[in-house]
Structures are given as C-alpha cells and as structure tokens.
2 protein chains.
Amino acid sequence: MAQESPTFSPLYRQIKTLILQALEAGEWRPGQAIPSEQELAARFSVSQGTVRKAIDEMAAENLLIRKQGKGTFVASHNDPRALFRFLRLVPMDGDLSHPQSVPLDCWRAKAGQEASRMLGIELGAPIIIVRRLLRFAQKPVVVDEIYLPGDVFPGLTFEALQDWNGSLYSLFETRFGLRMIRAQERIRAVAADRSTSEALKVPEGTPLLSVERVTYTYGDKPVEWRRGLYSTAEHFYLNELN
Amino acid sequence: MAQESPTFSPLYRQIKTLILQALEAGEWRPGQAIPSEQELAARFSVSQGTVRKAIDEMAAENLLIRKQGKGTFVASHNDPRALFRFLRLVPMDGDLSHPQSVPLDCWRAKAGQEASRMLGIELGAPIIIVRRLLRFAQKPVVVDEIYLPGDVFPGLTFEALQDWNGSLYSLFETRFGLRMIRAQERIRAVAADRSTSEALKVPEGTPLLSVERVTYTYGDKPVEWRRGLYSTAEHFYLNELN
DNA sequence: CAGTGGTCTAGACCACGGA
DNA sequence: CCGTGGTCTAGACCACTGG
C-alpha cells in the first residue's frame with residue numbers, strides 16, 4: 001500500500017524482487033515447485049493477482065516455468081528443453097540428436113586483461129580454463145575455450161567434467177549451485193588456425209563462426225566467458241528476430 | 001470424461017485476433033494511435049482487463065507500443081528505434097552512427113527452386129532482386145542480395161530505392177503497406193568471393209558472416225528472402241540470449 | 001484539468017493434473 | 001475430488017501526458 005520512493009516501483013515488482021531473493025538464497029531448488037500463488041499472496045500480504053503478475057514476468061524471463069494444474073517450478077538446466085536455449089546451432093538436415101560434450105583440457109591460470117574485464121574480476125585473480133569439443137552425431141562441430149572465475153567453481157577438475165553426462169550449465173547448477181540466467185553473444189567470422197582445424201577436422205583457413213559469449217547469473221553478475229569456434233559446413237546458427 | 005474442446009481459446013486471444021485483423025485491414029496506420037482500452041472494451045463487449053491482456057501480448061510481440069498517458073500506437077519501421085530490431089550488427093568501437101543503404105542493382109526475374117521454397121511462391125513466379133550495400137561511417141560493411149515476390153511489390157524500381165532516405169522496411173511499409181513482423185536468420189561463415197571482396201574492399205577469401213534471412217508479415221506469410229554478407233573486421237553480430 | 005495507460009483488489013468461474 | 005494455474009469481471013485508485 002504505502003510505497004514512496006524517488007523512482008516509483010509498483011507492488012508486483014517488489015514482490016518479484018522478494019521471490020528473486022528467495023530463489024537466489026536457494027529456498028527452492030531448480031526443478032522443484034515454488035509455493036502456490038495463494039500461499040505467496042498470503043505470505044506477502046498482497047492479492048493473488050499481484051503475485052501472478054510478478055510470476056508472469058519471471059516466467060517470461062525463463063526463471064520460472066508455469067504448469068497449469070501442477071504448479072510453478074524453478075527453471076533448471078537439467079531440463080533437456082533448456083539445452084538449446086543457449087546453443088543456437090542447428091544441423092542443416094533436421095537431425096535432432098543431442099550434441100555430446102567432450103572435455104579436452106582443464107587448467108588453472110590467472111586472469112589476464114581480457115578475462116578480467118569480461119568476468120568483472122581483478123587482474124591476476126585465479127581462473128579456470130576449459131577446452132572442450134562439441135560433437136553432433138559423432139562429428140566435431142564446435143571447439144570451446146571457457147574462462148571461469150576460480151572462486152566460483154572450487155574443485156572443478158578435468159575428471160569432474162569427464163564424469164558428467166549432460167550440459168555444462170547443468171553441471172554448474174548441480175555441482176556449484178550456479179544458475180545461468182542470460183547471456184550475450186558477439187559473433188564474427190574468422191579463419192581456422194592450425195589447432196582448431198585439427199580439432200574440427202577441417203582445412204586450415206576454413207571460415208568459422210567465432211561466438212564469444214558472456215553468461216550472467218543473478219544480479220547480472222558475469223560468471224562465464226567463452227569463445228566458441230563453430231564449423232558451419234553442416235550446421236548453422238539459428239536466430240529468431242521478433 | 002471426454003474433453004469437448006481440445007482447441008480452447010480464451011476470450012482475450014479472440015480479442016487479440018480481432019485487433020490483429022483490424023491492423024491487417026489497415027484500420028489504423030503505422031505510427032498512429034489505436035482506440036483506448038475503454039473504447040475497445042466497449043466495441044468488443046468485454047472488460048477492459050481482457051482488452052488489456054490482448055494488447056499486452058501484442059506489445060510483447062512488437063506489434064503495438066504502449067505509452068503511458070498518451071495511448072497505444074501501431075509499431076512502425078519509420079520509428080528510428082525499430083532499425084536495430086532486425087539489424088544486429090554493432091561496431092566494435094561504440095560508434096552509434098546509423099548505417100547508410102546504397103542500392104547497387106535492381107532487376108526482375110523468375111523464382112528459382114530456392115527462392116520459390118523460401119518465399120512460398122510458385123516456381124517461375126515473378127520476383128524482384130535487389131543488391132545493395134550497407135555502409136557504417138562511410139565504410140562498406142554489408143552486401144545484401146534481396147529476393148522479393150513481384151506481386152507484393154508492384155512498381156518497385158531502382159530509382160525508388162535511390163530516392164528513399166531510410167530503411168528498406170520503412171520503404172516497404174510506406175510505399176507498399178507491407179509490415180515486417182518477425183524474421184528468422186541462419187548464420188554461417190563463408191569466404192569472400194571476388195565480387196563480394198570488391199564491394200566490401202576486403203581481400204578475396206576473407207571470412208565473412210553469411211546471414212540468410214526470411215522475413216514474415218501478418219499471418220506468417222514470408223515476403224522477403226535475403227542473403228547478407230557481413231564483414232566482421234570492425235563489427236560483430238550481437239545476440240542477446242534470454 | 002481530463003484522458004490515457006498502469007496497478008491493485010476481490011471474487012467467480014474454467015481448464016488441467018493427479019489422487 | 002481437490003488444488004493448481006488461467007481467465008474474466010467490475011471497480012477504485014495511481015502515474016503520466018498534454019492542453
């Protein structure tokens with residue numbers, strides 16, 4: 001009722017913030033149901049409609065998933081439908097087989113200029129670098145080089161990567177409680193260098209997509225920076241413009 | 001218990017369809033205001049809240065633009081903010097100058113296999129092909145080859161393209177009453193061929209982004225197919241993933 | 001000031017899922 | 001059958017714009 005601030009914020013946004021904080025605090029785990037709209041309305045002393053509008057926005061942002069008759073659930077990267085939310089690569093023939101992630105390497109280093117800027121951490125802060133291959137139907141299609149802040153991923157090892165049967169973000173979520181919310185990709189065209197050409201089994205100099213991605217968790221905090229090189233001989237990057 | 005209506009459509013969606021039809025019929029022009037929510041509610045004999053939900057969805061789809069205190073307006077490609085809705089190319093330095101479109105060529109032809117499939121028209125149907133250059137700060141960055149169904153763009157000439165100071169979609173909207181609603185882009189990396197390398201002033205074989213776009217108007221009807229070749233020496237394709 | 005979209009409420013009823 | 005989210009209504013009030 002009484003909300004007086006320099007920048008007016010409607011009640012449903014305040015509710016949204018409260019739900020967000022509960023999510024961030026881990027009050028409900030990914031994949032689990034959150035309380036019903038009625039319960040939340042009682043908890044926050046507002047009407048169901050106001051809770052509803054808050055949840056509506058969060059569902060639109062892919063933070064929550066509504067299921068009529070069942071409840072509202074915390075979005076999870078374990079959900080197979082979430083895989084292609086961040087991976088926009090599609091085979092030119094309609095083959096829908098899931099890609100397979102093959103870790104190549106994993107080592108620790110100190111953040112250089114670029115990594116520190118992209119990840120918003122101090123220069124020289126510990127980082128983890130992962131190289132991995134993505135295969136579609138056994139064919140190598142993507143080489144990724146992934147930079148992670150060391151303090152956010154304690155104990156991440158090459159073995160842990162090899163043992164995991166799922167997407168990287170699914171691993172991050174399950175192992176480190178870190179949920180990837182949104183990302184920004186910068187795409188350019190580059191020529192394959194030697195090592196990349198070997199990994200992707202294409203001639204040196206072949207044009208490749210260079211996809212640089214910064215991924216954010218709650219509070220717009222960057223927690224991953226990666227550069228992927230995509231072979232587009234049999235795949236393309238699909239983007240819907242609305 | 002057998003469910004009677006597997007295709008249940010809530011009232012607000014029916015209202016949305018009615019508003020969509022009015023838009024399509026040109027009852028309100030791009031840039032103009034549509035009637036107030038109260039008026040529409042009266043017209044369709046529903047509550048304001050129901051109209052509101054219909055408009056909410058259309059605003060989310062960039063068909064309408066809400067302006068508190070003023071009204072709800074039909075989205076228009078004449079609006080400068082609409083320019084970068086479909087053009088995701090950004091200079092690496094933050095230069096925000098608008099690109100300049102330079103028509104190179106414009107001729108009539110008959111739809112080949114690919115064009116007929118992409119545009120959903122018959123093989124051999126008349127089409128118009130436009131070649132044009134996009135310059136950022138005087139530098140050539142994109143070469144587009146654009147395929148248009150001939151019957152949708154009667155009287156489109158090279159001179160008309162040269163005379164127009166604005167985006168192509170702005171021209172289509174103003175001259176032909178055709179509104180581009182959504183698009184789908186397929187992105188690959190290719191090597192510059194001779195003629196492209198000359199147009200973009202890059203060495204032959206330079207890796208370029210190949211951006212194939214199909215653009216749709218109302219009713220998911222495809223009305224444009226284009227292939228753009230983007231030089232990514234000083235620009236990148238920016239994509240937000242939510 | 002009047003008119004617009006934006007918020008909030010309370011209550012009724014519908015569609016769906018599962019026990 | 002109940003509990004969930006989804007729809008629809010009617011009315012009150014707030015925030016913003018422009019005359």
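Order of the sequence lines fixes the chain letters, A, B, ..., with proteins taken first and strands second; residue numbering starts at 1 for each chain.
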- [ ] Rounded off to whole Å, could you give me the CG-to-C1' distance for the A:D56 and C:dC8 pair?
- [x] 14 Å
Pairs under 3.5 angstrom, nitrogen or oxygen only, protein versus nucleotides 2-5 of chain C, please.
{"from": "C:dG3", "atom 1": "N2", "to": "B:G69", "atom 2": "O", "distance (Å)": "2.9"}
{"from": "C:dT4", "atom 1": "O2", "to": "B:G69", "atom 2": "N", "distance (Å)": "3.3"}
{"from": "C:dG5", "atom 1": "OP1", "to": "B:T72", "atom 2": "OG1", "distance (Å)": "3.4"}
{"from": "C:dG5", "atom 1": "OP2", "to": "B:E37", "atom 2": "N", "distance (Å)": "3.0"}

- [ ] In whole angstrom, give the distance that lies between atom CG of B:L11 and atom P of C:dC13.
- [x] 17 Å
- [ ] Could you note down all residue pairs passing ring-ring contact (aromatic ring centres under 6.0 Å, His included) where residues 36-79 of chain A supplies at least one of them, sequence neighbours left out?
- [x] A:H77-A:F86, A:H77-A:Y169
Task: All salt bridge (charged side-chain N to carboxylate O under 4.0 Å, His left out) counterparts of B:R188, not counting sequence neighbours - done: none
Task: Distance, rounded to the nearest Å, where A:M58 contributes CE and D:dG5 contributes C1' - done: 16 Å
Task: Atom-pair distance (CD on A:E57; P on C:dG6), nearest Å - done: 12 Å
Open item on the list: What is the distance, to the nearest angstrom, from the CG atom on A:L64 to the P atom on D:dG5?
Closed with: 11 Å
Open item on the list: So, using ring pair (Phe, Tyr, Trp, His ring centres under 6.0 Å) as the criterion, who are the partners of B:Y216 when residues are at least two apart?
Closed with: none
Task: Residues B:R213, B:E185: salt bridge by 4.0 Å N-O rule - done: yes
- [ ] In whole angstrom, give the distance that lies between atom NZ of A:K53 and atom P of C:dT9.
- [x] 12 Å
Task: Distance, rounded to the nearest Å, where B:L40 contributes CG and D:dT9 contributes C1' - done: 17 Å
TODO: State which residues pass ring pair (Phe, Tyr, Trp, His ring centres under 6.0 Å) with A:Y218; sequence neighbours excluded, sorted by chain then number.
DONE: none
Open item on the list: Whether B:T50 contacts D:dT7 is assessed here as follows: a side-chain N or O lying under 4.0 Å from the phosphate OP1 or OP2. Is that the case?
Closed with: no
Task: Aromatic ring pairing A:Y237/A:Y230, orientation class (parallel under 30°, perpendicular over 60°, tilted between) - done: tilted
Task: Presence of salt bridge, A:K221 and A:E24, under 4.0 angstrom - done: no
Open item on the list: Tell me which residues in residues 14-32 of chain B lie within less than 4.0 Å of DNA chain C, going by non-hydrogen atoms.
Closed with: none
Open item on the list: If we count only N and O atoms by modelled type, under 3.5 Å, do the side chains of B:R186 and B:Q184 hold a donor and an acceptor together?
Closed with: yes
Open item on the list: Between C1' on C:dG6 and CZ on A:F8, what's the gap in Å once rounded to a whole number?
Closed with: 8 Å
Open item on the list: Test side-chain contact (heavy atoms from CB on, under 4.5 Å) on B:V46 and B:Y12; report intermediate values, then the result.
Closed with: CA-CA 9 Å; B:V46 298; B:Y12 76 87; over 6 Å; no
